[in-house]
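Values in this document were obtained by computation on a predicted structure and should not be read as measured data. Here is the naming used below: chain letters follow the sequence lines, and residue numbers restart at 1 for every chain.
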Amino acid sequence: MLDPKLLRADLDAVVSQLARKGMTFDRAHYLTLEADRKRLQLESESLANRRKEGSKQIGQLMQAGKIAEADAIKEEMANIGEAISAIDAQFSSTSEALDELLLHLPNLPDASVPDGFREEENVVAATVGSAPDFAFEPKDHVALGELHRGIDFERASRLSGSRFVVMQDGFARLHRALGQYMLDLHSDHHGYQETTVPYLVDAAVLEGTGQLPKFKEDLFCIPESNGGGRERYLIPTAEVPLTNLFRETIVDAQALPFRLVAHTPCFRAEAGSYGRDVRGMFRQHQFDKVELVWITHPASSWDALEQLRGHAEAVLQGLDLHYRVLNLCGGDLGFSAAKTYDLEVWLPGQQQFREISSCSNCTDFQARRMQARMRDGQGKPELVHTLNGSGVAIGRCLIAVVENYQQADGSINIPDVLVPYMGTKRLIPPQ
RNA sequence: GGAGGGGUGGCAGAGCGGUUGAAUGCACCGGUCUUGAAAACCGGCAUAGGCUAAUACCCUAUCGUGGGUUCAAAUCCCACCCCCUCCGCCA
């Protein structure tokens, strides 16, 4: 959420910054609501003040035994009470409308974010390594999965429909190895605190990180089967529970930054992507991901973003994969992000770079929604900054490994860092 | 699933219809004392919203959450959420 005070103080700046994200802001609607809010709030509060004073007097008169005088004021206060309820009804409906409007506004892009609205306008910040040079026609992961009998879409769809996968044998093992490798790398070498989290969370938690209320159709919702009860949502990323660990808390600034890592499944309805990436397991309703989250002092979040990006890159470097880093343009930024680096890995099967990680600084946008704060010295509590990044998407990483490490005979070499987890240096297709 | 107990400031813990944003203790900050530290003593110390140039003053709200009763609710009533103990069941 943006700071409501910023909208009041410098609406022009907010409007032009939102425009960089491709968002048109309804100025007139906002100004009307804001004017109403101010008028109604002032009115309601001054009436409440009179009632408070009156009630105090009644208390004093009653104790002094002046019942008749007390009764007179009681009558007056009863009228004020009615006036207050009338004003408050209007006030709460305008302030709800205002909150609703505010909850739907995305974070503002940082100055270092390039202009643009299309994917092609993202800026390549770095390109690392080089594509493997195959002396044969490389297969994609679907063909390799078939050859190794390691990936089974057909049986998965019989269980759950499209966009689900079953993996077995070497592929299943590779999937596990990748998760372990990433978790160990981040917790042992990058200083992250390994964390396990719930996969089902309340709506308020998703509101905290910005998935709700605007993107409900992207989520799987789980009502309790007995009809009543509360609704919970399957997490679309571990960013949601990890970041919300700090909701409604005030931490000591000395304890910052907090750096957390979790390996979880992620669930996405993919409502807006019918027909996209239908082949293979690139885009699934359920996938595993190792997620990195930082909770920082507001003064150090930009430095943290560079470090976070480095930690995600280290995963790919360890696997010796070819990738590039994009500085996303304003129009391509996510709802909560002020700046995002995407890591795209080279997939020989598709002959292109595809997203495997996204690292974002959300500044105080999520912190304000969650009321995640810190206390620095004697001052008032201040909002923290939150960052998140994939470190990295496991299923997509598996695709990258098998496609990049395939051999002419269809076997797949195992990257050195994974050998301890795999117990073998090579996956050989079954006869 | 059954039976009880409980949610109050950073923590512990009083208050159970009236000038209570809330006693007291701990923690924390400032000061006195001390060569220094500790102890002791004195003072300060919630959060949010509004107004505002202001992190000043003032106003409003907040004692798990939401409703209700009342001139007035931390205190009474209702619903819900969460936590704890015991029993049963269970990965």
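With distances taken from any side-chain atom of A78(A) to the nucleotides C71(B), G49(B), U47(B), the minimum falls on C71(B). With C71(B), A61(B), A48(B) as the candidates, the nucleotide lying closest to the side chain of S55(A) is C71(B). When the nucleotides A61(B), C71(B), C51(B) are ranked by their closest atom to the side chain of K74(A), C71(B) comes out on top. When each of U60(B), U52(B), U47(B) is scored by its nearest atom to the side-chain atoms of P381(A), the top-ranked nucleotide is U47(B). Comparing atom distances between the K380(A) side chain and each of G50(B), G18(B), U47(B) picks out U47(B) as nearest.
A 3.5 Å limit on both hydrogen-bonding distances identifies C87(B) as the Watson-Crick or G-U partner of G1(B). Base-pair partner of C28(B): G44(B) (Watson-Crick or G-U wobble, both distances under 3.5 Å). Checking G18(B) for Watson-Crick or G-U wobble geometry (two distances, each under 3.5 Å) identifies C71(B) as its partner. Remark: A23(B) base-pairs with no nucleotide; criterion is Watson-Crick or G-U wobble with both hydrogen-bond distances under 3.5 Å. The partner of U65(B) is A79(B), by the rule that a Watson-Crick or G-U pair needs both atom distances under 3.5 Å.
For the pair W294(A)/L308(A), a side-chain contact is recorded, criterion being any heavy-atom separation below 4.5 Å from C-beta on. The shortest side-chain heavy-atom distance between R373(A) and Q371(A) falls under the 4.5 Å cut-off.
Paired with D277(A) under the rule salt bridge (Lys or Arg N to Asp or Glu O under 4.0 Å), one option of R163(A), R354(A), R396(A) passes, and it is R354(A).
Comparing G13(B) with C26(B), their C1' atoms sit 11 Å apart, to the nearest whole Å. Taking atom C1' on both nucleotides, A73(B) is separated from G67(B) by 14 Å, rounded to a whole Å. Using atom P as the reference point in both U24(B) and G15(B), the two lie 15 Å apart (nearest Å). As rounded to the nearest Å, U60(B) and U52(B) have C1' atoms that lie 16 Å from one another. For the P atoms, the distance linking C86(B) with U20(B) amounts to 42 Å, nearest Å. Atom name P, nucleotides G43(B) and C81(B): the rounded distance is 47 Å, in whole Å. Across the P atoms, G44(B) and G50(B) are found 29 Å apart, a figure rounded to whole Å.
Place G81(A) and S44(A) on RNA chain B by their nearest nucleotides, and S44(A) ends up nearer the 5' end. Nearest-nucleotide assignment on RNA chain B puts the 5′-proximal partner with E45(A), out of I58(A) and E45(A).
Not one side-chain nitrogen or oxygen of K52(A) sits closer than 4.0 Å to the OP1 or OP2 atom of A72(B). Distances shorter than 4.0 Å separate none of the side-chain N or O atoms of R37(A) from OP1 or OP2 on G49(B). Residue R8(A) places at least one side-chain N or O closer than 4.0 Å to OP1 or OP2 of C51(B). Checking the phosphate oxygens (OP1, OP2) of U60(B), a side-chain nitrogen or oxygen of N49(A) falls inside 4.0 Å. Contact check, R50(A) against C59(B): no side-chain N or O comes under 4.0 Å of OP1 or OP2.
L42(A) comes within 4.0 angstrom of sugar-phosphate atoms only, judged by non-hydrogen atoms across all strands, and of no base. At the heavy-atom level, R39(A) lies nowhere under 4.0 Å from the strands shown. I73(A) comes within contact range of no nucleotide atom at all, as no heavy-atom separation falls under 4.0 Å.
In this structure, H190(A) and H311(A) have parallel ring planes: the angle between them is below the 30° cut-off, well short of the 60° mark. Below 30°, between 30° and 60°, or above 60°: for F153(A) and H141(A) the angle between ring planes is above 60°, a perpendicular geometry.
In summary, the side chains of S95(A) and R37(A) do not present any donor paired with an acceptor at a separation below 3.5 Å, with no hydrogens or angles considered.
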